[in-house]
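In what follows, chains carry the letters A, B, and so on, assigned in the order in which the sequence lines appear, proteins first and then strands, with residues in each chain numbered from 1.
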Amino acid sequence: MFEDFRQQFYLNFVSEDRWHYLANGLLVTLKLTFFAVLLGLLIGFTIAFIRNVHDNTGKLKILNFICNLYLTVIRGTPVVVQLMIIYFVIFGSVRIDKALTAILAFGINSGAYQAEIFRSGIQSIPRGQMEAGRSLGFSYFQTMTKIIMPQALKNVIPTLLNEVITLLKETSVAGYIALEDLTKGGDIIRSRTYSAFMPLIAVGLIYLVMVLILERFVKMIERRLNKNDKR
Amino acid sequence: MTNVKESPLISVRNLEKHFGDMKVLKGITVDINKGDVVCVIGPSGSGKSTFLRCLNRLDEPTGGEIIFDGVNICDPKTDIDLHRQKMGMVFQQFNLFPHMSIMKNLTIAPMTLQNKSKEEAEGYAYELLERVGLKNRALDYPLQLSGGQQQRIAIVRALCMKPEVMLFDEPTSALDPEMVGEVLEVMKELAQEHMTMVVVTHEMGFAREVASRVMFLDGGDFLEENEPKEFFANPKNDRLKEFLGKVL
């Protein structure tokens with residue numbers, strides 16, 4: 001039994017340096033998640049800002065319409081489909097870097113969800129804060145950036161980190177455009193060794209460990225934020 | 001030289017405010033002179049707060065005009081942000097910025113909007129903090145303070161901009177009873193220094209003692225105005241009589 005396990009382990013990970021598939025795949029997954037989150041942050045923040053300006057002042061009608069359309073489409077369709085459309089349809093005739101395409105797709109996808117997170121964060125700040133800022137003579141924009149946003153950001157950090165966790169797991173569909181991320185790496189090993197158990201369990205364990213680390217990080221941040229709050 | 005006393009600091013002409021079909025203010029006309037301490041009283045829903053919030057356009061008037069410092073601030077071309085710097089406002093819920101220290105709360109507006117240096121802004125803030133007895137709390141955060149302390153800080157925050165008029169929107173209504181006194185005391189001192197003040201309040205004692213003029217607002221219009229002694233001793237309007245009968 002133990003000998004069998006050892007053999008399997010050797011076959012799947014050690015021989016022909018197959019663990020490289022997992023290691024390289026892990027790096028791709030991490031890179032993908034990191035840059036997609038950044039792109040999503042940028043998109044999400046911008047959209048939340050535009051929609052908030054529109055809700056409060058009635059300006060930016062066209063931009064607001066575009067934002068709403070974007071949110072509806074992105075949140076109403078599966079991320080795999082979006083990924084494939086971007087790779088096979090939009091960039092169908094130009095061969096651009098797969099990783100870049102994936103970052104774009106996951107970033108655009110995550111942006112829609114992060115926009116909602118930011119929006120709820122902004123809405124959680126009492127009206128009185130905006131009024132106090134304006135009454136001192138700050139413009140709407142100044143009040144937003146100096147008073148509302150810093151508080152909103154602080155409120156949404158835990159939720160944003162949860163979005164990172166979700167995104168980390170969602171990038172596992174990157175294999176659909178033949179990008180060799182962690183999941184695909186495990187799958188490649190499986191196709192070489194014809195044994196499913198070892199590589200897939202290993203892939204699952206690696207995701208699990210990363211999520212657990214991130215979750216611990218979220219808890220730590222939450223505790224620190226609450227401490228600084230002094231409420 | 002024209003007589004300064006003759007041109008009011010704030011001149012409200014025919015001020016109207018509708019929320020949809022509801023007329024909250026029905027053409028209010030009133031002058032507020034430099035050094036006036038105007039207390040606005042009236043039943044809830046009478047439009048007191050709306051009137052006050054229209055003065056710095058936190059609520060947008062739907063008609064009429066407000067001349068402040070010789071400028072019609074209801075004109076869309078007026079830079080309202082610039083005029084708000086000269087009108088301090090104190091809210092029922094204090095509305096301090098919870099993510100900033102007290103000192104930052106007090107200095108952010110003068111430093112950003114009036115280009116004061118940090119030293120200058122903090123120096124003035126300390127001076128005012130000393131006067132309200134909270135100098136030792138400068139580095140604390142708002143939520144570490146009691147309600148009464150927070151409201152005193154809110155008054156100081158508005159004063160740090162060196163405003164020409166202070167607007168108070170029921171400044172003691174959200175306070176525990178034992179903290180009302182300390183806030184009213186600060187307001188009283190301010191009145192004694194001839195700060196122009198418009199105070200929406202339910203504190204009849206304060207109105208009687210400190211106000212130079214008391215106004216009764218009901219149904220969206222001022223029904224009676226007088227100096228406080230006469231106002232409370234000999235009310236003429238029936239609605240005012242009824243109101244005073246309930247609250248005194």
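The closest donor-acceptor contact from the side chain of B:Asn95 to the backbone of A:Gly128 lies under 3.5 Å.
The environment of CZ in A:Phe88 is crowded: more than 12 heavy-atom neighbours from other residues, nucleotides or ligands sit within 6.0 Å. Annotation: B:Glu203, atom CD; neighbour count of heavy atoms from other residues, nucleotides and ligands within 6.0 Å is above 12. Annotation: A:Ile62, atom CD1; neighbour count of heavy atoms from other residues, nucleotides and ligands within 6.0 Å does not exceed 12. Around the NE2 atom of B:His194, the shell of radius 6.0 Å holds no more than 12 heavy atoms that belong to other residues, nucleotides or ligands. The local environment of CZ in A:Phe141 is sparse, with at most 12 non-hydrogen atoms from other residues, nucleotides or ligands closer than 6.0 Å.
If you measure heavy-atom distances from B:Phe97 to chain A, the contacts under 4.5 Å come from both the backbone and the side chain. At a 4.5 Å heavy-atom cutoff, the contact between B:Met161 and chain A is made by side-chain atoms alone.
Applying the side-chain hydrogen bond (donor to acceptor under 3.5 Å, both in side chains) rule to pairs touching residues 158-176 of chain A yields A:Ser110-A:Glu163, sequence neighbours excluded.
The structure places NZ of A:Lys154 at 8.5 Å from NE2 of B:His99, a figure rounded to the nearest 0.5 Å. One distance of note links CD of B:Gln93 with CD of A:Gln129; it measures 11.0 Å at 0.5 Å rounding. The distance from atom CD of B:Gln85 to atom CG of A:Leu136, rounded to the nearest 0.5 Å, is 9.0 Å.
For residues 74-83 of chain B, a heavy-atom distance under 4.5 Å to chain A picks out B:Asp81, given by residue number. Heavy-atom neighbours of chain A within the stretch residues 102-120 of chain B, taken at a separation under 4.5 angstrom, comprise B:Ile108, B:Ala109, B:Thr112, B:Leu113. Heavy-atom proximity under 4.5 angstrom to chain A picks out B:Arg53, B:Asn56, B:Leu58 from residues 45-73 of chain B.
Under the 4.5 Å side-chain criterion, counting only non-hydrogen atoms from C-beta, A:Ser135 is not in contact with B:Met87.
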